[in-house]
2 protein chains.
Amino acid sequence: MKTPPEIIAQLTHSKRGFSKSELKVVDAILLDPESATRASIAQLAQLAGVSEPTINRFCKKLGASGFPDFKIKLALSLASDARFVNSAVDADDDVGTFTPKIFDASVNALTRVRDSIDTKVIQRSIDQIVQSKQIYFFGLGNSGPVAADATFKFFRFNTPVSSHHDPLMQRMLAAASQTGDLFVMISHTGRTTSLLETADIARRANATVIGITAPESPLAARCDLAITLDVPENTDEYLPMTSRLAQLTVLDVIATGVSLRQGQAHIPHLRRIKESLHDTRQPIDSAV
Amino acid sequence: MKTPPEIIAQLTHSKRGFSKSELKVVDAILLDPESATRASIAQLAQLAGVSEPTINRFCKKLGASGFPDFKIKLALSLASDARFVNSAVDADDDVGTFTPKIFDASVNALTRVRDSIDTKVIQRSIDQIVQSKQIYFFGLGNSGPVAADATFKFFRFNTPVSSHHDPLMQRMLAAASQTGDLFVMISHTGRTTSLLETADIARRANATVIGITAPESPLAARCDLAITLDVPENTDEYLPMTSRLAQLTVLDVIATGVSLRQGQAHIPHLRRIKESLHDTRQPIDSAV
DNA sequence: ATTAAAATGTAATCGAATTACATGTTTAAA
DNA sequence: TTTAAACATGTAATTCGATTACATTTTAAT
């Protein structure tokens, strides 16, 4: 996809020297960019309180061939970028307002991680998992459920897998581990003392430790492989929201990678899992 | 944001009765949709070999107010399509290729749910949660970790909250429940027999049951409130990937709603939680 | 204070889009 | 098979929006 000229970005980060009336235009557009894509040059001129040629010149200044072209570029910009405006939830937002905001924040986080993640580390993680004899997913607190989820995801491969959120159990398993054992430790902060100690213990036992955590965190430094997620999370206001999503998606990626590596080898295994679940479900056309 | 009329979709799935010359227009546009957004009506008319009014009528037929409006809608359609390339992971993809694909699939699912979710039901769910005396999150299998995650999320409110993934325990709690108790049952398929029974038991006990599940599923029909998530998931190939993310985000939304409703009331409670965690963490500047 | 350059507006012009109307084409009924 | 009515399409006129040329105002520098 060719990089579109991000009109909205140019409007918000008004680095460019905008003149007085050009700023009026910026304001008028940002007030309701959506409807600006539908307005005529006259309407927008009136709304901004400037003349029509001013609008026109403004459009050209931003790289459009004219006003109609500008509207299209603006629309494109809205569709891709501005839909995910990371606007904070406001105290007097109603459901219809804050619901998309939260979804957008999640989407934002995911696209950001997508664009910043180190796929080489992912690749090496996949290599390690394929080679491992046994896989443990460790997480504490909010990351506990993520580890548990990973178990379900990796269960379809033939390697024994389990998740643990009890620090003592984690420590015991780490101490009893050996070469070929793989620990995936999940921690948003990467600063949970107990998990750091467990990581050290596991590495001393010659097991492999992969961390899914924050860049430059103590945990990242202690792992054989650190998958670092750059998720901006204002943990001061809320408990982690978006980091779990990023962690889960990264685990999806790794699972997919392992799956691709194994080719069709595990398909029969997967079918057996599916079949085992069948009797727990109501048939599709059951009376509701 | 209002659901955009997907022009491209209307063009490709030419279900609508297009006439001879209208088909010429479709072809001309699909030949190079990108440049069609930049063409004038005369250019496009020539390219398609039809008259200008034909183009104009065609645009109106597809729901645009005219040709310029059509171009904008087309541009929007292109942009969103490009972003949501739901291209399946290919057997010979390398990490750098399938990693963004999976992230995009997740983003895709979230935006789709965002645009299709019924915020009125969300609102009523928030109402119920605020009024409830006790909250239980139930999930089985893949949804178990989601329920567990919800516990962490809702713990910051003063209402007692717990999650359970043992069907017997779920059933016991449902049987022992009473008015004021709230059950949030999470199931991607909405067809897990055990959970359906538990829902019935809970409702007979006058507890409230909220479902986070598939539209038109047995579970949705059995709940007081059904938050239905329209997540396309090819469960045949892979175990659920994106549905968890949607479920988690919906729970984030609800938690946020409850939080807003309570205003600052729970802030001291939240601070206490934070402080309790402090000693488990390494200080930021600890030696790495 | 004066002048040049930049910014903005006015008004004329140009061009694109739309509409009204005429012509041709298909379809169905006689 | 013929005929009329509905539909599809094109031509030409018209309208409306966008653009340009030019005049005026504002700003900044000497």
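Values reported hereafter were calculated over all heavy atoms of this structure, with side chains retained and with hydrogens, waters and symmetry mates removed. Every chain is numbered from 1, with letters handed out A, B, ... down the list of sequences.
The side chain of S21(A) places no N or O atom within less than 4.0 Å of a non-bridging phosphate oxygen (OP1 or OP2) of dA7(C). Residue T54(B) places at least one side-chain N or O under 4.0 Å from the OP1 or OP2 atom of dG10(D).
Between the side chains of T256(B) and S259(B), no donor-acceptor pair of N or O atoms lies under 3.5 Å. Side chains of N56(A) and E52(A): no donor on one and acceptor on the other come within 3.5 Å. Neither side chain, T249(B) nor D252(B), offers a donor N or O lying under 3.5 Å from an acceptor on the other.
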Legend entry - Base versus backbone protein contacts along nucleotides 15-20 of chain C [heavy-atom cut-off under 4.0 Å; B, S, -]: --SSB-
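Closest approach of T213(A) to H188(A), counting heavy atoms only: OG1-O, 4.1 Å. A pairwise comparison of heavy atoms in C59(A) and G66(A) identifies CB-O, 3.8 Å as the closest pair. The two atoms that bring S21(B) and V50(B) nearest to each other are CB-CG1, 3.6 Å, heavy atoms only. When all heavy atoms are compared, the tightest approach of V113(B) to A246(B) is CG2-CB, 3.9 Å.
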Protein-nucleic acid N or O pairs under 3.5 Å, nucleotides 23-29 of chain D:
residue, atom, partner, partner atom, Å
dT27(D), OP1, K20(A), NZ, 2.8

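Here dT10(C) presents its C1' atom at 16 Å from CD1 of I55(A), a figure rounded to the nearest Å. The interatomic distance linking Q46(A) (CD) with dC16(D) (C1') rounds to 16 Å, in whole Å. The distance between atom CD of E22(B) and atom P of dC7(D), rounded to the nearest whole Å, is 13 Å. When rounded to the nearest whole Å, the span between CZ of F70(A) and C1' of dT19(D) equals 16 Å.
With respect to S125(B), the side chain to side chain contact (heavy atoms under 4.5 Å, CB included) criterion is satisfied by exactly one of V130(B), I210(B), I212(B): I210(B).
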